[in-house]
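Step one of this worksheet: look at the structure below.
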Amino acid sequence: MSKLLTVFGATGRQGGSVIRTILSDSTLSSQFKLRGITRDVTKPDAKALADKGVEVISADMTSVPSLVQAVKDSHSVFLVTTPTYTENSNLELTQGKNVADAAKQAGVQHLIFSSLLNVTEASGGRLKDVPHFDHKAQVEQYIRSLGLKSTFVLPGYFMSNYTSLGMIRKSEDGVFTLAYPVGEGAQFPLVDIDADMGKYVSIALKNPSKTTGSQILAAADYYTSTRILKEFEEVTGHKTRFVQVDNETYKGFMPGYLGLEMLENHLFVEDPGYYNGRSLKESQDLLKDAGFKPTTWKDFLEKNKGAFA
């Protein structure tokens with residue numbers, strides 16, 4: 001008999017990746033029925049999931065009773081929380097804790113959470129304004145404190161940042177430019193979040209005995225800006241340049257508090273490191289054992305060359 005997997009953010013990048021991976025994997029699709037949680041069940045993406053046999057429902061993330069109903073009868077739950085990128089907001093932290101409480105009350109047997117490191121702690125208090133990392137780390141800590149059987153998947157730096165956010169953009173002279181407030185040697189653990197988040201979550205579903213209580217680092221490899229641009233040139237044929245900008249300039253690229261948060265996020269990548277210097281090998285080995293391969297930066301560029309036409 002199939003077990004029920006409930007996926008939060010079902011129409012978003014991470015939840016959508018999980019659902020697509022489950023549906024395309026013969027083993028997992030035979031083991032799990034799917035329920036998707038989304039804010040608006042009437043939008044086209046939600047209806048498309050329903051057409052594929054996914055039970056699609058909405059839930060109030062501020063209400064534990066609503067969330068208990070949302071995860072009722074679930075064997076496993078995948079949870080991704082949504083950051084606000086606003087100062088002094090604990091909404092993401094509150095919502096993450098609410099789902100954890102609901103999972104505990106509903107008797108969920110396996111909670112898989114999209115987590116990140118605590119930047120404030122890892123930097124020794126030097127970087128205090130990256131709540132979209134810190135709050136996820138605090139939710140992870142809370143989940144552990146409840147004694148829930150759980151696994152934590154820590155997604156790397158999104159490759160899609162270079163397309164959807166225009167981080168590599170064409171300058172007036174025709175050269176594609178990447179500007180960061182860190183040096184060319186900073187190590188970015190890149191992940192194609194749309195294609196690969198589901199693969200890393202599937203590791204936890206296929207091998208719970210190996211992954212329970214652990215952190216899975218979801219990234220294809222560590223890439224420096226030099227390598228990012230070199231491979232960009234090889235795939236697209238475009239000329240590139242790297243520009244290191246000062247902190248105030250970089251902060252001014254984005255409005256208000258978001259600028260400060262993104263600045264400190266990138267300073268964290270350089271020191272002490274996005275994953276605090278940890279190797280990706282163990283997670284890559286688990287990925288291989290589960291029958292998956294990560295999408296490389298070159299793979300991503302081949303699929304998205306049109307974004308840089």
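- Ring-centre distance between Trp297 and Phe232: not below the 6.0 Å cut-off.
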In sequence, state the C-alpha distance, the side-chain angles, and the governing distance for Phe133 and Val130, and then conclude on side-chain contact (heavy atoms from CB on, under 4.5 Å).
-> CA-CA 6 Å; Phe133 272 59; Val130 195; 3.7 Å; yes

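- There is a path of hydrophobic side-chain contacts, each under 4.5 Å, that joins Val201 to Leu49.
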Check step by step if side-chain contact (heavy atoms from CB on, under 4.5 Å) holds for Thr296 and Asp221.
-> CA-CA 8 Å; Thr296 67; Asp221 202 357; over 6 Å; no

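- Heavy atoms from other residues, nucleotides or ligands lying under 6.0 Å from CZ of Arg39 number 12 at most.
- Taking a cutoff of 4.0 Å between a charged side-chain nitrogen and a carboxylate oxygen, Lys136 and Glu92 qualify as a salt bridge.
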Apply side-chain contact (heavy atoms from CB on, under 4.5 Å) to Val139 and Leu93, showing your working.
-> CA-CA 6 Å; Val139 172; Leu93 176 60; 3.9 Å; yes

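- Val77 and Val68 fall into different hydrophobic clusters, where Ile, Leu, Val, Met, Phe, Trp and Tyr side chains are chained together by heavy-atom contacts under 4.5 Å.
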Checking side-chain contact (heavy atoms from CB on, under 4.5 Å) for the pair Leu4/Val71: CA distance, chi angles, key distance, verdict?
-> CA-CA 9 Å; Leu4 178 62; Val71 300; over 6 Å; no

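- Using a cut-off of 4.0 Å between Lys/Arg side-chain N and Asp/Glu carboxylate O, Arg144 and Glu140 are scored as salt-bridged.
- Note that CD of Glu302 is 9.5 Å distant from OG1 of Thr236, once rounded to the nearest 0.5 Å.
- The aromatic ring centroids of Phe188 and Tyr222 lie 6.0 Å or more from each other.
- Heavy-atom neighbours of Glu282 CD from other residues, nucleotides or ligands within 6.0 Å: at or below the threshold of 12.
- In the model, Asp129 has a side-chain atom that pairs as donor or acceptor with a side-chain atom of Tyr257 under 3.5 Å.
- Between Asp289 and Lys206 there is no salt bridge, since no side-chain nitrogen of the basic residue lies less than 4.0 Å from a carboxylate oxygen of the acidic one.
- Checked for salt-bridge contact, Asp134 and Lys128 miss the test: no charged N lies under 4.0 Å from a carboxylate O.
- With 3.5 Å as the limit, one finds no donor-acceptor pair spanning the side chains of Thr21 and Ser202.
- The hydrophobic clustering, which links ILVMFWY residues whose side-chain heavy atoms are closer than 4.5 Å, places Phe242 and Ile168 together.
- Residue Lys293 places its NZ atom among 12 or fewer non-hydrogen atoms of other residues, nucleotides or ligands, all under 6.0 Å distant.
- Geometric assessment of Arg278 against the ring of Tyr275 yields a negative cation-pi assignment under the 6.0 Å and 45° thresholds.
- Between Lys251 and Glu248, at least one side-chain N (NZ, or NE/NH1/NH2) sits under 4.0 Å from a carboxylate O, which counts as a salt bridge.
- The existence of a salt bridge linking Lys47 and Asp51 is excluded, since no basic side-chain nitrogen approaches an acidic carboxylate oxygen closer than 4.0 Å.
- For the 3.5 Å distance criterion, the side chains of Tyr142 and Asp101 qualify, holding a donor opposite an acceptor.
- Between the side chains of His110 and Thr151, at least one donor N or O lies within less than 3.5 Å of an accepting N or O.
- Side-chain polar atoms of Glu184 and Thr224 form no donor-acceptor pair below 3.5 angstrom.
- Between Lys239 and Asp173 there is no salt bridge, since none of the side-chain N atoms of the basic residue sits less than 4.0 Å from a carboxylate O of the acidic one.
- Nearest heavy atom pair, residue Phe32 against residue Ser76, reads CE2-OG, 3.9 Å.
- Counted within 6.0 Å of CZ on Arg169, heavy atoms from surrounding residues, nucleotides or ligands total 12 or fewer; the atom is thus considered open.
- Cation-pi geometry between Lys199 and Phe292 is not met: the NZ or CZ atom fails to fall both under 6.0 Å from the ring centre and inside 45° of the normal.
- Classification of Lys33 and Glu55 as a salt-bridged pair fails, no side-chain N sitting under 4.0 Å from a carboxylate O.
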For Lys281 and Asp285, what are the C-alpha separation, side-chain angles and deciding distance, and is it a salt bridge (Lys or Arg N to Asp or Glu O under 4.0 Å)?
-> CA-CA 6 Å; Lys281 185 179 185 306; Asp285 288 345; 2.7 Å; yes

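- A salt bridge between Arg35 and Asp73 is absent, with no side-chain N of the basic residue lying under 4.0 Å from a carboxylate O of the acidic one.
- The closest side-chain donor-acceptor pair between Thr295 and Asp196 falls under 3.5 angstrom.
- No side-chain donor-acceptor contact under 3.5 Å links His238 and Glu233.
- Aromatic pair His266/Tyr157: ring centres closer than 6.0 Å.
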